[in-house]
Q: 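Pasting a structure below so you can have a look.
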2 protein chains.
Amino acid sequence: MSEELGLTIKKNEDFGKWYLEIIQKAEIMDIRYGVKGFPVYMPTAMTVIKQIENMLEKELEKTDHKPVSFPVVIPEKYMTKEEKHIKGFCDEVFWVTHAGKKKLKERICLRPTSETAMYPLYSLWIRSHLHLPMKLYQTVSVYRYESKMTKPLMRGREFRWIEAHTAHKTYKDAEKQVKEDMTIFENVVVDKLALPFMLFKRPDWDRFAGADVSYAYDCILPDGKILQIGTTHNLGENFAKPFSIEYMDQNGKKKYVNQTSFGPGIARIFGAIISVHGDNKGMILPPEVAPTQIVIVPIYAKKTKEFKTDILKKAAEVYGKLSKNYRVYLDDRERFTPGYKFHDWELKGVPLRIEIGPNDIKNKNLVLVRRDTLEKIIIKEGELETKVVEAFSDTFYELQKRAQKLLTIEDVKNYSELKKKLKNGGIYRIEFCGNEKCADKIKEDTGAEIRGTLFGKEEKVKKKKCDICGKKASIISYVGKAY
Amino acid sequence: MSEELGLTIKKNEDFGKWYLEIIQKAEIMDIRYGVKGFPVYMPTAMTVIKQIENMLEKELEKTDHKPVSFPVVIPEKYMTKEEKHIKGFCDEVFWVTHAGKKKLKERICLRPTSETAMYPLYSLWIRSHLHLPMKLYQTVSVYRYESKMTKPLMRGREFRWIEAHTAHKTYKDAEKQVKEDMTIFENVVVDKLALPFMLFKRPDWDRFAGADVSYAYDCILPDGKILQIGTTHNLGENFAKPFSIEYMDQNGKKKYVNQTSFGPGIARIFGAIISVHGDNKGMILPPEVAPTQIVIVPIYAKKTKEFKTDILKKAAEVYGKLSKNYRVYLDDRERFTPGYKFHDWELKGVPLRIEIGPNDIKNKNLVLVRRDTLEKIIIKEGELETKVVEAFSDTFYELQKRAQKLLTIEDVKNYSELKKKLKNGGIYRIEFCGNEKCADKIKEDTGAEIRGTLFGKEEKVKKKKCDICGKKASIISYVGKAY
């Protein structure tokens, strides 16, 4: 794979190009595959992605979700059962029409999402209130013929996600599921990946096709644009009716279930990690997901090879100690200089480097270098394990602190200030009449969107006047440009 | 989900029907999905399958394989590049021809296997001998329009597998990879799943489309028929040439790489677990892969509720102790009798049951019941942890011993004996001229196939006379009926 090192583009000068350069040079995705919008996930990407998947799957299992796997293909008769759903997806699905040389009797599409694949079986499985709640999830790729420009990890025609589909007795139970999903998301995305997010109830005109209410997890990237990294939809009885998903309640009465679907976008979460935490030297990976958490670099003069044996012995010792609990790589490759190695591992975002040189042998020291600050910490050999724990914890909080700074929400005085401020990106809080026409106006004037109202927190209007049209405002909404 | 319990068909009376009944009643797959050959993997199946995948992935990573993910769709121009490959797969691939309402400019197929998806990128990634060996794997589903009868987990149009694709400097290095693959397979399939297998070099007429040599992992099911649960193909330079995968060697000379592809069939391995280990009461899962390893069933008379509090307290204690190291379920559901629960968990293959009743409270005992023997072991409370370890180990060896019995290989005196014996299934060792005509004759007369010669063990002919045609025999081959 590529051996040219170092980023040439500064993050704050051209974020978009910086992102694409990091994707290429840190060997995340290869976009040269022969079908447009279908990139290849390279080893670093897949290793991180599998970690994120595992973390989310663990949280799902803790909350009694069970894994399943439904076919990648959905027959047209299933796909078209819920009217709004097929209307929303009809331009986006890939159709399989032939097998070998034969034409299929009924065409089948690649799943763009799995509501219509799963719910015919839900209607067979769910009979009684004793079967509820039913909480199933699958970790799969979905396929959408995107017409917008694709961008590695953020918008593609094939993307990895987890989709959890739940069925409940009541609408209220379904609504409670949104809270559980938010906690799952927080436990991983905030507490392990150091990515703050906001959960918005999307406006009515921006719902998932077939949903009663859509909630979406938004985070903000360094260019001030918003990236949606997950959604939970309260589907109400919208799918239960056409798919006949009914249960017998305690009194022997037949009722429709209420459903939700939750979709954390794994690829997008990884895209956000790269974007939010990275710097001009490359990625900075939160310790929990880094494929290599610690790299050990032995340093000795190439010619004199002074202390070489001692240094390599010490390096092996340190490796032995740490590899029990961490993913460690001892980089003793002879053909590269230490300087080259530093750059290489900085580019790839390894959160902690341990350098061992002649002085460290003399003084029984080790040098730790944190990726986030590039700060050198000289420690005594005996302190190794505690200092590593400390460094990881400090790195995590530093990343979280930096990320939190991006997510500052501002109020605006009026529409003209909003328009002016939106030029630099960001999220703004406005008083809003709730009318789609005002949303269209913002979109037209600035390219920004109404992201919705904050979930789980009632915010009261003060001026009671829509910041756009001046008419009566009833809600606080958030506005920003989005990917 | 289904609440009717108990198998109605005996394994030794009708293995095929027994298998289908277990698939349905133990809630493994649901075959009622709306596209033929595309079943749904239910929670128990997915939990076991994920465990098997994890085990194999760990072994692959130990041997320096890295995870990747290539698109599910392969453009026609890639798919048709290696002549024999497309010839082998042209009747089996699903074609995507439309996206939304648009017809695609070039049609794309769903991966039936990923050689032609991956190797165009290998040709970009591999430049120098320093990049070799390159060992990548992905855990995905593949799609083949099977014309044979489908059977849950064993033959479907969508099936889960891992595919590892390696590139090496020499043919010999590629051949060494076969040995590594066999070790990976043994470490999981034999040592954790208690399934013995034989690795055969398939005869020339039974190679993977495009391979130089195909090796296949065969295991034998209780009906005496063989199930192939994995393959390794030495592709030689067959793909390297059309895909231009070349490297510069130490002397600056351009050479083609030599490649292998290794495909453990995860779904089939699970199918073999069910088939080989199961009995008339249901599945028997090897402890390492059981979704629930231990079930605790409190027993008290429904009316008197004698000792109920004590029993439930004890059950919670036992749960607390064991759940740190094992996947444990405390079945305190009030609406079912202990007898119902026993049947339910026996059907689902939970390897160990712990019963706690009034007598156990009085005597400070616990009752362990192993799923494989259904033997009751009364133990003292203090011995719990050591007895669980012992029970799991004993279960594993018992399963292994039983499975090994199925894999008895017999020699035959002559062709008429072979024909007679093949009526009852089984694997037979024959002296063989190596001619495809003889293989055709066996197939025609008996339905059985030449499975090939044993890998890694040179077996010498004694009679030196082909058991079929009587001409000169040069090799020892194995014959059996296969799925």
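Each chain gets a letter, A, B and so on, in the order the sequences are listed, and its residues count up from 1.
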Q: Evaluate L130(A) against R335(B) for side chain to side chain contact (heavy atoms under 4.5 Å, CB included), listing each step before the verdict.
A: CA-CA 11 Å; L130(A) 294 169; R335(B) 63 195 167 105; 3.1 Å; yes
Q: Can you say whether Q138(B) sits under 4.5 Å from chain A via the side chain, the backbone, both, or neither, judging by heavy atoms?
A: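 Looking at Q138(B), nothing touches chain A.
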Q: Would the number of heavy atoms belonging to other residues, nucleotides or ligands and lying under 6.0 Å from CD1 of I31(B) be above 12?
A: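 No, not enclosed.
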Q: If I measure from the heavy atoms of chain A, does P291(B) come under 4.5 Å with its side chain, its backbone, both, or neither?
A: neither
Q: Which residues in residues 114-121 of chain B have any heavy atom closer than 4.5 Å to a heavy atom of chain A?
A: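 Interface residues of residues 114-121 of chain B: A117(B), L121(B).
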Q: Report the residues that fulfil ring-ring contact (aromatic ring centres under 6.0 Å, His included) with F38(A), sequence neighbours left out, ordered by chain and then residue number.
A: F94(A)
Q: Measure Y137(B) against the heavy atoms of chain A and call it side chain, backbone, both or neither at under 4.5 Å.
A: side chain
Q: So, taking the atom named OG1 in T97(B) and the one named NE2 in H98(A), what distance separates them when rounded to the nearest 0.5 Å?
A: 6.5 Å
Q: Under 4.5 Å from any heavy atom of chain A, what part of Y41(B) do you find: side chain, backbone, both or neither?
A: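 Answer is both: backbone and side chain atoms of Y41(B) are under 4.5 Å from chain A.
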Q: How many angstroms lie between atom NZ of K36(A) and atom CD of E106(B), to the nearest 0.5 angstrom?
A: 14.0 Å
Q: Taking atom CG of L104(A) as the centre, report whether more than 12 heavy atoms of other residues, nucleotides or ligands fall under 6.0 Å from it.
A: yes
Q: Could you tell me which of I108(A), T139(A), T47(A), D30(A) has the largest number of non-hydrogen atom pairs under 4.5 Å with chain B?
A: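 Among the listed options, the one with the most contacts to chain B is D30(A).
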Q: Taking 4.5 Å as the heavy-atom cut-off, does anything in residues 153-164 of chain A contact chain B, and if so which residues?
A: E158(A), R160(A)
Q: If you check every heavy atom in residues 65-81 of chain A against those of chain B, which residues fall under 4.5 Å?
A: K66(A), P67(A), V68(A), S69(A), F70(A), P71(A), V72(A), V73(A), I74(A), P75(A), K77(A), Y78(A)
Q: How many angstroms lie between atom CZ of R32(A) and atom CH2 of W125(B), to the nearest 0.5 angstrom?
A: 8.5 Å
Q: By a 4.5 Å heavy-atom criterion (distance strictly below it), what part of F89(A) contacts chain B: side chain, backbone, both, or neither?
A: neither
